[in-house]
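Working notes for the structure below.
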Amino acid sequence: MSHIRDWDWNRGKRVISDIHQWRETYGWVEEPHASPDGESVAAIVKVDEMAFSVCENGSPWESSFDKVWFLRYGPDNRAAALVSDTAMWTVAVSGTPWENWFEFVWDTKFGRFDGHISVSAQKDFAYFAVTDDTPWENTFYTISHLKASPSGRSAAATVQTKPINEADIAAFQKGCFTVAVNGQPWTQNFLNAWEIAFDAKEEHVAAEVRLSLEDYTIVVDGIPWKRHYASVWEPVFSPTDGSVTAPVRLADGWALAQDGEIIWKNRYFQLWHHIYSIDGSRIAAIVSSKFGRWTLAIDDKPWNLTFKDLVTDPALSPDGRRAACVGKTDGKWMIAVDGTAWNDTYDMAWPPIFSPDGRNVAAKTQKNGIYRMVVNGRPIQTNYKTLWNPVFSPEGDKLLIRGIETGANDGKYTRTVLSLAEILG
């Protein structure tokens with residue numbers, strides 16, 4: 001496991017690798033990916049006729065495969081990819097394939113803090129999940145919506161426990177789907193089950209389900225809420241008391257419910273993607289308080305600032321006192337913090353990230369084909385062809401920037417640590 005405090009937080013820039021040289025060596029280089037600590041960059045490359053591998057910091061993995069797909073770095077800074085050899089698939093981590101191979105694997109999930117990996121898999125017409133090379137003992141007719149627990153040690157997914165013939169509406173309405181946690185399905189079936197959530201201790205699981213053609217609700221550990229709704233969105237566990245909240249649709253609009261009881265008084269045209277502050281004291285959600293306008297609501301209090309097209313990526317500062325999101329109006333993207341949009345607009349903007357002390361906000365942006373990092377609305381004067389999300393140091397006084405530059409370092413992947421005092425003056 002990699003701890004962010006152990007990363008190199010010394011100020012300065014280092015060239016990690018020259019991506020242009022990769023293209024001269026391999027000819028075929030797919031989209032690069034950077035490790036969370038910025039020390040590594042990797043891409044799928046073609047190493048021979050019909051043979052592919054992963055180039056990491058300029059050197060290929062020792063193993064090559066028929067196909068390589070969905071390369072990503074986990075939180076432990078190890079690169080993992082789905083790989084195929086003689087028509088069988090598995091996961092390769094840092095170039096080493098798992099021992100078990102399957103007819104197909106997909107939907108890679110990492111634990112948020114550790115290096116555990118889960119994927120959905122299919123073999124011999126059976127569907128199941130695999131965590132760290134260990135397949136579930138039980139198999140199902142289908143699997144979808146795979147979710148890893150916070151540590152990644154556990155996984156849950158929507159599974160089909162009964163077969164359905166084509167157009168067999170009667171069988172469908174009796175319920176053929178449920179949620180399986182580490183391969184153990186809940187006893188009750190539903191018409192559908194979606195968006196699964198683990199609690200922080202990984203002891204409980206919730207999901208949104210469809211009970212009939214008209215009724216939806218939230219199920220916790222296999223037990224549905226007593227109250228049913230016209231629709232529901234993804235449930236979230238409170239980080240403090242274990243209660244479950246979810247947006248629900250009532251006759252007069254959308255509201256936020258907790259354990260089946262309505263806790264937000266306002267009604268919205270839409271309400272979704274709600275998040276908690278770390279201490280559980282505040283809840284933010286994307287809402288439509290006016291038809292055709294979107295904003296962020298904090299504890300049921302919408303901002304006056306609204307966006308025409310959409311709002312996405314809500315964020316709360318670690319102390320819960322501040323909030324931010326990405327908004328879009330007439331095709332222009334903006335970052336908004338505490339109800340006020342930064343002055344500039346962008347062709348694209350990515351999730352705003354708070355520093356650990358909540359004082360500063362950084363976001364990756366793109367305009368006229370150039371990527372730049374922006375802190376508190378101020379762009380950092382380095383242009384990038386590719387840029388990854390920023391990372392604040394544990395003390396919040398430095399910022400790690402990972403990107404492939406233009407200009408003097410054209411095509412070079414660099415790792416830069418800047419002090420916030422240096423950035424903000």
Side-chain angles (χ1 to χ4, degrees), residues 145 158 172-173 175 177 179 188 190-197 199 206-277 280-316 320 323-330 336 338-341:
H145 298 89
T158 300
F172 171 73
Q173 292 193 37
F177 298 90
V179 170
Q188 183 176 347
F190 309 97
L191 268 66
N192 303 100
W194 300 279
E195 304 302 341
I196 296 166
D199 73 327
E208 57 179 271
V209 303
R210 187 184 187 190
L211 299 167
S212 70
L213 294 181
E214 297 84 17
D215 296 319
Y216 297 75
T217 194
I218 300 299
V219 175
V220 182
D221 298 334
I223 302 174
W225 283 357
K226 294 180 181 178
R227 190 168 177 181
H228 304 163
Y229 310 92
S231 191
V232 298
W233 290 123
E234 182 178 5
V236 176
F237 281 92
S238 164
T240 54
D241 61 15
S243 62
V244 176
T245 48
V248 299
R249 185 178 180 183
L250 307 172
D252 54 352
W254 283 84
L256 190 68
Q258 181 182 52
D259 294 337
E261 301 299 325
I262 305 302
I263 59 171
W264 278 14
K265 294 180 179 179
N266 286 325
R267 300 293 181 265
Y268 300 96
F269 289 98
Q270 185 55 266
L271 189 165
W272 56 6
H273 298 296
H274 74 295
I275 59 172
Y276 278 88
S277 59
S281 63
R282 305 193 76 184
I283 299 175
I286 297 170
V287 301
S288 174
S289 51
K290 299 177 183 178
F291 186 75
R293 304 295 301 190
W294 297 89
T295 190
L296 207 61
I298 317 299
D299 294 336
D300 204 16
K301 297 177 182 176
W303 286 349
N304 291 326
L305 174 69
T306 62
F307 297 90
K308 181 179 177 182
D309 296 347
L310 62 84
V311 166
T312 185
D313 300 307
L316 283 168
C325 68
V326 178
K328 185 182 180 185
T329 293
D330 295 331
D338 299 331
T340 301

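Computed from a predicted structure; not experimentally measured.
Taking CD of Glu261 as the reference point, atom OG of Ser243 lies at 12.0 Å (rounded to 0.5 Å). Here CG of Leu271 is found 9.5 Å from CG of Asn266. Values are rounded to the nearest 0.5 Å. Atom CG of Leu211 sits about 12.0 Å away from atom CH2 of Trp225, to the nearest 0.5 Å.
Taking the six-membered ring where the residue is Trp, Trp294 and Trp272 present parallel rings, their angle staying beneath 30° rather than reaching 60°.
Considering every non-hydrogen atom in both Phe237 and Val244, the closest pair reads CE2-CG2, 3.4 Å. Of all heavy-atom pairs spanning Tyr268 and Ala297, the tightest one is OH-CB, 4.1 Å. Contact between Leu296 and Ala323 at its shortest, heavy atoms only, is CD2-CB, 4.0 Å. Heavy atoms only, all atoms of each residue included: Ala206 and Val220 are closest at CB-CG2, 4.1 Å. Residues Ala193 and His145 come closest through the heavy atom pair O-ND1, 4.1 Å. Nearest approach of Ala336 to Leu305, heavy atoms of both residues: CB-CD2, 3.7 Å.
Judged as a side chain to side chain contact (heavy atoms under 4.5 Å, CB included), and not counting sequence neighbours, the contacts of Thr240 are Ser238. Taking Trp194 as the reference, nothing meets the side-chain hydrogen bond (donor to acceptor under 3.5 Å, both in side chains) condition, with sequence neighbours excluded. Looking at residues two or more places apart in sequence or on another chain, you find no ring pair (Phe, Tyr, Trp, His ring centres under 6.0 Å) involving Phe172. By the side-chain hydrogen bond (donor to acceptor under 3.5 Å, both in side chains) test, Gln173 is found to be paired with no residue, residues two or more places apart in sequence or in another chain being considered. Partners of Asp313 by side chain to side chain contact (heavy atoms under 4.5 Å, CB included), not counting sequence neighbours, listed by chain and number: Val326, Pro351, Pro352. In terms of the side-chain hydrogen bond (donor to acceptor under 3.5 Å, both in side chains) criterion, Gln188 has no residue partners (sequence neighbours excluded). Residues passing the ring pair (Phe, Tyr, Trp, His ring centres under 6.0 Å) test with Trp264, sequence neighbours excluded: none. Residues satisfying the side chain to side chain contact (heavy atoms under 4.5 Å, CB included) test with Thr295, not counting sequence neighbours, are Val287, Ser289, Pro302, Trp303, Thr306. For His274, the side-chain hydrogen bond (donor to acceptor under 3.5 Å, both in side chains) criterion is met by Thr245, not counting sequence neighbours.
The salt bridge (charged side-chain N to carboxylate O under 4.0 Å, His left out) analysis of residues 232-254, with sequence neighbours excluded, yields the pairs Lys147-Glu234, Asp252-Arg267. Applying the salt bridge (charged side-chain N to carboxylate O under 4.0 Å, His left out) test to pairs two or more places apart or on separate chains, those with a residue in residues 280-292 are Arg282-Asp299. Every pair tested for salt bridge (charged side-chain N to carboxylate O under 4.0 Å, His left out) that includes a residue from residues 207-230 fails, sequence neighbours excluded, so the list is empty.
Contact of the Val179 side chain with the Val219 side chain is not registered, since no non-hydrogen atoms from C-beta on lie closer than 4.5 Å. Looking at Ile196 and Thr158, their side chains come closer than 4.5 Å, going by heavy atoms from C-beta outward. Residues Leu256 and Asp300 are not in side-chain contact: their nearest non-hydrogen atoms beyond the backbone lie 4.5 Å or more apart.
The main-chain N or O of Gly260 is found under 3.5 Å from a side-chain atom of Tyr229 such that the two form a donor-acceptor pair.
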